[in-house]
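Comments concern the structure below.
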Amino acid sequence: MSDFEHQIYEAVKNAVSSVYGIDATDVLAVETPRDPKMGDYSTSIAMRLAKQLHKKPSDIAEPIVEELKKTFTQAKSIEIANPGFINFRISEDSLSQVINRILEAGDSYGSNDSGKGTKVLVEWVSANPTGDLHCGHARNAAWGDSICRLMETSGYDVLREYYINDAGNQVNMLGESLIARYFEYFGKEYPLPEDGYHAEDVKKIAEEIAVQDGERWLDADPSERLAYFRKEGVNRELAKIEKDLEMYRVSMDSWMHETFFYEDDSRRIRDCLSRMESMGLTYEKDGALWFKSTDYGDDKDRVLRKSDGSLSYLTPDIANHVYKVERGYPNLIDLWGADHHSYVIRMNAALKALGYPADTLHVDLIQMVRLVENGEEVKMSKRTGNAITIRELCEDVGVDAARWFFVSKDVATHMDFDMYLARQKDNNNPVYYCQYAYSRIHSILEKAQTFEKKDTYDRLSEEKELLLLKMLGDFPNHVAEAARTRKPNKITDYVLSLVKVYHSYYNSCRVINNDDPDLTNQRLGLVKATGITLKNALGLLGVSAPDSM
RNA sequence: GCGCCCGUAGCUCAGUUGGAUAGAGUAUCAGAUUCCGAAUCUGAGGGUCGCAGGUUCGACUCCUGUCGGGCGCGCCA
């Protein structure tokens with residue numbers, strides 16, 4: 001059985017059709033009123049039809065309601081409110097059905113098929129393999145991973161991909177920096193490039209190579225040596241990144257190397273370029289090959305092949321995006337730092353010019369994060385003197401808090417990450433407020449020992465119980481909506497409001513009551529269903545649900 | 001100068017294809033444990049939704065202008 005929102009949607013659609021002969025699909029919406037006194041659900045359909053029917057909304061609503069009273073039997077009441085809302089209240093008996101639905105679904109409760117099997121390729125994190133992940137990547141990683149979890153749970157077919165920039169100049173810099181540190185290890189001189197990587201982790205990798213390979217690279221052929229140190233550097237940096245992501249509960253299905261597109265004599269890139277050339281999208285100027293991106297909304301044309309014959313960053317990345325589509329993913333999502341926003345127009349221009357539909361690529365931009373403590377920005381790690389890494393952040397505040405905080409605020413807003421607050425293990429910290437509720441649930445179920453599934457839970461009639469039932473039943477809708485809009489913060493909001501009601505219920509009603517085993521059993525069903533829902537919701541955020549804390 | 005993002009309670013933020021009296025948390029103040037974990041609960045105060053116009057039955061939401069903050073404007077990646 002589907003949830004109430006869908007049931008009401010169908011019932012209203014049918015009622016409008018039979019009363020007015022109108023297909024309301026495009027204008028019909030079922031909502032939850034802000035004020036619960038209005039009802040459990042409402043629709044503004046009568047107001048939306050007013051213009052078309054030339055009648056007062058309340059007059060339009062009346063026959064619809066009469067029809068609904070006959071067809072929608074799960075309702076306890078259906079009423080018209082000014083200026084023309086139709087408000088529904090669900091009967092207690094229908095509401096309590098959700099308990100068995102949740103108990104049967106278990107870990108999969110919240111799953112829905114709103115994604116209809118749509119194939120989506122999500123590219124995110126994609127930090128350069130030249131150093132450790134820092135807090136900006138942590139925001140990107142948490143958000144992207146939750147988006148993937150939400151979409152998977154909503155029936156999308158998701159591929160999680162990391163694009164590795166291992167072909168550009170910054171990788172040469174990494175190689176040169178490693179060689180310099182390698183020489184330094186053996187007491188020899190080698191210039192550390194000015195734009196090179198000076199961080200401690202680069203030094204450490206150079207030392208590892210020195211220990212592993214000995215002195216044999218000191219007198220080696222310079223270009224062979226650079227190639228080796230590039231490759232070693234990238235591999236070892238990537239291994240660290242993968243390990244950090246694993247610690248952060250993020251896993252990728254696919255690691256796509258930029259160098260892949262240079263393989264086979266750059267076949268994929270050449271194909272792309274010749275496609276663009278034959279479509280008349282390019283021109284030569286000053287010895288370089290340009291893309292006429294201004295024809296597709298860009299503010300200036302972009303260089304594809306530089307005058308020295310090498311390619312700009314854009315070119316292999318176009319091939320990368322084309323290759324995603326060719327692999328069978330017509331829907332692409334990228335998560336980039338907001339400082340790359342001008343690049344969004346460029347990439348979309350390229351895809352559009354090549355003939356792909358306008359909505360092929362969605363780029364979600366992640367605004368900057370500032371780590372803040374006591375109202376002041378924390379720029380450097382006290383221990384290392386460098387930018388704070390994702391690992392240091394998680395060792396400090398915990399993975400649960402880090403992921404919760406990053407995912408609870410829309411990435412379109414500039415974020416101050418409050419280190420002090422995230423570290424708190426008390427009621428100031430929303431993560432612990434939610435996890436504590438789960439521990440309380442677990443503890444109650446442990447204590448009660450027995451629970452027996454029943455066909456009906458007809459004695460759950462307290463205000464808080466009915467509210468809980470309704471919220472539990474709405475969970476799959478919240479998941480679907482969060483997946484559709486790619487906003488996991490809708491789930492943190494849901495969890496907070498669910499947990500608030502649960503804590504309140506816990507304080508006002510005793511669950512375990514030895515004088516009334518039947519009522520105890522019914523309440524245990526509600527508590528158990530709440531626990532399952534809460535754990536699944538936290539799971540979508542990559543946050544744990546501890547049995548005790 | 002041009003482009004993108006943001007501006008809602010003291011602070012951090014929600015606000016459901018435009019809907020009902022703009023909501024949470026926190027902080028402040030006042031209360032609640034004979035009983036399932038007080039890491040909890042109940043209540044109070046707190047607002048010109050940056051500002052000014054426009055669109056309509058209805059605007060925090062859409063449009064125009066304007067102010068403030070962030071970011072970007074390379075044959076770097």
Side-chain angles (χ1 to χ4, degrees), chain A residues 26-35 37-38 42-44 47-48 50-51 56-57 81-85 87 128 130 165 167-171 173 195 258 285-290 298-300 302-314 317 337-345 365-368 370 372 375 405 408-416 418 421 424-430 432-433 435-437 439-448 477-478 481 485 489-490 492-493 496-497 500 502-513 520 523-524 527 548-549:
Chain A
D26 293 337
V27 285
L28 177 55
V30 179
E31 298 168 336
T32 299
R34 236 176 234 141
D35 186 350
K37 273 181 247 141
M38 301 296 187
S42 75
T43 177
S44 56
M47 281 122 85
R48 285 166 198 263
K51 202 168 270 179
K56 267 168 58 189
N82 281 328
F85 289 99
N87 293 330
N128 285 345
T130 53
N165 300 131
N169 201 31
Q170 82 281 2
V171 184
M173 283 299 170
D195 302 332
E258 184 183 1
K285 193 182 103 188
D286 303 332
L289 182 70
W290 295 71
D298 205 349
D299 56 351
K300 54 184 82 164
R302 303 295 169 178
V303 169
L304 293 168
R305 189 174 54 232
K306 299 182 241 175
S307 53
D308 69 358
S310 68
L311 302 172
S312 72
Y313 178 78
L314 176 64
D317 206 16
D339 51 343
H340 291 81
H341 68 256
S342 63
Y343 197 79
V344 177
I345 298 164
L365 292 174
I366 319 280
Q367 294 294 334
M368 306 257 296
R370 296 193 324 155
V372 171
F405 273 61
S408 63
K409 292 183 173 86
D410 195 323
V411 285
T413 65
H414 310 270
M415 175 183 181
D416 283 349
D418 189 333
L421 178 59
Q424 295 307 105
K425 302 248 190 290
D426 61 23
N427 61 344
N428 291 316
N429 191 334
Y432 289 93
Y433 181 73
Q435 291 181 320
Y436 179 56
S439 294
R440 272 181 150 183
I441 287 169
H442 186 264
S443 156
I444 248 181
L445 294 171
E446 287 270 286
K447 195 148 291 179
N477 285 334
H478 289 280
E481 185 59 13
T485 55
N489 59 323
K490 287 179 189 294
T492 53
D493 287 350
L496 275 172
S497 52
K500 184 178 155 72
Y502 180 75
H503 277 311
S504 172
Y505 173 55
Y506 184 96
N507 269 271
S508 63
C509 277
R510 258 193 86 79
V511 172
I512 298 173
N513 178 355
T520 298
R523 287 183 169 171
L524 284 172
V527 168
S548 64
M549 34 197 302

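So that the names make sense, note that chain A is the first sequence line, chain B the second, and so on, each numbered from 1.
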When you compare [N] with [M], how far apart are their [atom1] atoms, in angstrom units rounded to a whole number?
| N | M | atom1 | result |
| --- | --- | --- | --- |
| B/G68 | B/G50 | C1' | 8 Å |
| B/C51 | B/U33 | P | 45 Å |
| B/G46 | B/A9 | C1' | 6 Å |
| B/G15 | B/G31 | P | 36 Å |
| B/C60 | B/G47 | C1' | 12 Å |
| B/U26 | B/G72 | C1' | 34 Å |
| B/A22 | B/C35 | C1' | 40 Å |
| B/G7 | B/C13 | P | 10 Å |

When both hydrogen-bonding distances must be under 3.5 Å and the geometry is Watson-Crick or G-U wobble, what is [N] paired with, if anything?
| N | result |
| --- | --- |
| B/A59 | none |
| B/G3 | B/C71 |
| B/U64 | B/A52 |
| B/C41 | B/G31 |
| B/C13 | B/G23 |

Give one of base, sugar-phosphate or nothing for [X], where a contact means two heavy atoms less than 4.0 Å apart.
| X | value |
| --- | --- |
| A/Ser443 | base |
| A/Ala412 | sugar-phosphate |
| A/Ile366 | nothing |
| A/Arg48 | base |
| A/Asp317 | nothing |
| A/Ser408 | nothing |
| A/Ser497 | nothing |
| A/Thr32 | base |
| A/Val27 | base |

Under 4.0 Å: is that the gap between some side-chain N or O of [X] and OP1 or OP2 of [N]?
| X | N | answer |
| --- | --- | --- |
| A/Ser504 | B/U42 | yes |
| A/Lys409 | B/U12 | no |
| A/Lys500 | B/C41 | no |

How many whole angstroms separate atom [atom1] of [X] from atom [atom2] of [N]?
| X | N | atom1 | atom2 | answer |
| --- | --- | --- | --- | --- |
| A/Glu31 | B/U17 | CD | C1' | 9 Å |
| A/Phe405 | B/C13 | CZ | C1' | 12 Å |
| A/Leu496 | B/U40 | CG | C1' | 15 Å |
| A/His442 | B/A39 | NE2 | C1' | 18 Å |
| A/His503 | B/G25 | NE2 | C1' | 13 Å |
| A/Asp410 | B/U8 | CG | C1' | 14 Å |
| A/Tyr505 | B/C36 | OH | C1' | 11 Å |
| A/Met415 | B/G7 | CE | P | 15 Å |

- Does B/U48 adopt a syn or an anti glycosidic conformation, taking syn as a chi angle within 90° of 0?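 Because its glycosidic torsion lies more than 90° from 0, B/U48 adopts the anti conformation.
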Distances under 3.5 Å only, N/O to N/O: pair up the protein atoms with those of nucleotides 67-70 of chain B.
from: B/G69; atom 1: N2; to: A/His414; atom 2: NE2; distance (Å): 3.0

- Flag as yes if A/Tyr436 stacks onto the base of B/G37 (centroids under 5.5 Å, planes under 30°), otherwise no.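 Per 5.5 Å and 30° rule: no stacking.
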- Task: Anything under 30° is parallel, anything over 60° is perpendicular, the rest tilted; go ahead and classify A/Tyr502 against A/Tyr506.
- Result: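 Tilted: the ring planes of A/Tyr502 and A/Tyr506 meet at 30° to 60°.
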Out of [options], which has the shortest distance to the side chain of [X]?
| X | options | value |
| --- | --- | --- |
| A/Tyr433 | B/C71, B/A39, B/U40 | B/U40 |
| A/Lys490 | B/G37, B/C36, B/G15 | B/G15 |
| A/Ile345 | B/G3, B/G37, B/A20 | B/G3 |

- Separation between CG of A/Asn128 and CD of A/Glu258, rounded to the nearest 0.5 Å: 9.0 Å
- Query: Hey, what do you get for CG (A/Asp416) to CE (A/Met368), rounding to the nearest 0.5 Å?
  - Reply: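 One gets 10.5 Å once the value is rounded to the nearest 0.5 Å.
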Atom pairs under 3.5 Å, N or O on each side, protein against nucleotides 75-77 of chain B: can you list them with distances?
from: B/C75; atom 1: O2; to: A/Ser307; atom 2: N; distance (Å): 2.9
from: B/C75; atom 1: O2; to: A/Ser307; atom 2: OG; distance (Å): 3.0
from: B/C75; atom 1: N3; to: A/Ser307; atom 2: OG; distance (Å): 3.3
from: B/C75; atom 1: N4; to: A/Asp286; atom 2: O; distance (Å): 3.0
from: B/C76; atom 1: OP2; to: A/Lys306; atom 2: NZ; distance (Å): 3.3
from: B/A77; atom 1: OP1; to: A/Lys306; atom 2: NZ; distance (Å): 3.1
from: B/A77; atom 1: OP2; to: A/Tyr313; atom 2: N; distance (Å): 3.4
from: B/A77; atom 1: O3'; to: A/Gln170; atom 2: OE1; distance (Å): 2.8
from: B/A77; atom 1: O3'; to: A/Gln170; atom 2: NE2; distance (Å): 3.4
from: B/A77; atom 1: O2'; to: A/Gln170; atom 2: OE1; distance (Å): 3.4

- Hey, which of these two, A/Lys447 or A/Asn87, hits RNA chain B nearer its 5' end, going by closest nucleotide? A/Asn87
- Message: Which is more 5' along RNA chain B, the nucleotide nearest A/Arg510 or the one nearest A/Asp26? Just name the residue.
- Response: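 Closest to the 5' end, via its nearest nucleotide, is A/Asp26.
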